[in-house]
Amino acid sequence: MKNLALLLAFVTVVSAQSQEFGQCGGIGWTGPTTCVAGNSCVQLNPYFFQCLPSSSTSGSGGSTSTAPAALPTGTSTASTNTVAKGIGKLYFGSATDNPELPDTAYETILNNTGFFGQITPGNSMKWDATEPEEGVFTFSGGDQIANLARANGQLIRGHNCVWYNQLPSWVANGVFTAAQLTTIIQNHCGTLVSHYAGEISSSYAWDVINEPFNDDGTWRSDVFFNTLGESFVPIALQAARAADPKAKLYINDYNIEFAGPKATAMMSLIQTLKSTNVPVDGVGLQCHFIVGEVPTDLETILQEFVALDVEVAITELDIRMTLPETDALLAQQKTDYQNVIAACKAVAGCVGITIWDYTDKYSWIPGTFPGQGAACPWDANFIRKPAYDGIIAGLTA
Ligand SMILES: *[C@@H]1O[C@H](CO)[C@@H](O)[C@H](O)[C@H]1NC(C)=O
């Protein structure tokens, strides 16, 4: 018994420490807050503290506030949204999220319509945030972002109505007849979209459908497809159109930025929807890229979508790297940003570009891709990086 108790105590101690690159803190985190030997718990953003090898962390205490001084910074004095509008785009925008807004240094830049003419709520309009229980809607988080956009004269991209992820369990784990799930989708999309309808300035577009396909172009297996087949797509689009006839209705996905089975599947879906008069206005290409691996046929793909009588937008752009940052990686990242933006510039039907938050301080990358980061055009101290100059060059060159 005594040995077992000792063993259990030992197991408890071991499991109470996060592994290398594991999470060790952040808003909502209930797991271990210490790291295995040789690692330090570093705050990468308020949601995500990560165990990093001690040699790669600077100083003690894991402060995010000191970027290595030697790294190059951006020098352009032009402003992204001003320049984007000047070449005929509707906006240059950024994702944001409610817990970031109390950070006044962050919000000051987000508010600046010279930089951002559009914002996307990163989380607070998703299903788990807006209808956590069936028929019980909560819009407080989404309203905070919509009100900010309205006050500052920024467009909003609603994000999103129907997605396999961040679903409340009553949806994700529900067992429904086709008729029941149809009503649930209609009520969710209809109520959500109508709540933000009526003011073009606060609801430019909606990602009605998010990430419906697997990377091989087959339909993703989730409660929607498994219950309704592909008919969940027109059901949601028609409910959104009825709720806000003026909002642009988008389907948004990743790995459709280059030729391949997933892009082909998305093009086929758009053709089918168009030929059956289902309302669909746009395709969102997320563009979560890796430094040095930006697709070279992005402009061609954008043109192919536009040829199907939809607009396109770059909806979630970031370009991540394996840390630590180096001069060479930042230079390549600048070129990569320039090439992505230039592809949108070259295609008249590419209406705008949204980056998936503007600063490394609040990027989702380190929490999802261990050991990677530095994906945004502003660093964690709100200093513009060479990538910022790449964006301006892409808009103007
Ligand atoms: C950002 O804009 C909102 C709405 O105009 C304003 O209430 C808020 O004070 C601004 N924040 C900062 C930090 O300037």
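Keep in mind that the numbers below use all heavy atoms, side chains included, and drop hydrogens, waters and symmetry copies. Keep in mind the model is a prediction, meaning the values are calculated, not measured. All ligand and atom numbering here is 1-based and tracks the order in the structure.
- Lys262 forms a cation-pi arrangement with Tyr254, by the criterion of a distance under 6.0 Å to the ring centre and an angle within 45° of the ring axis.
- The CE atom of Met266 lies 11.0 Å from the CG atom of Asn255; values are rounded to the nearest 0.5 Å.
- With sequence neighbours excluded, no residue forms a side-chain hydrogen bond (donor to acceptor under 3.5 Å, both in side chains) with Glu257.
- Within 4.0 Å of ligand 1, counting heavy atoms only, the contacting residues are Thr104, Glu107, Thr108, Asn111, Leu148, Ala151, Asn152.
- Remark: aromatic rings of Tyr106 and Tyr362 are close, center separation under 6.0 Å.
- At least one test fails for Arg220 against the ring of Phe213: distance under 6.0 Å to the centre or angle within 45° of the axis.
- Note: Phe139 and Phe137 have parallel aromatic rings, judged against thresholds of 30 and 60 degrees for the angle between ring planes.
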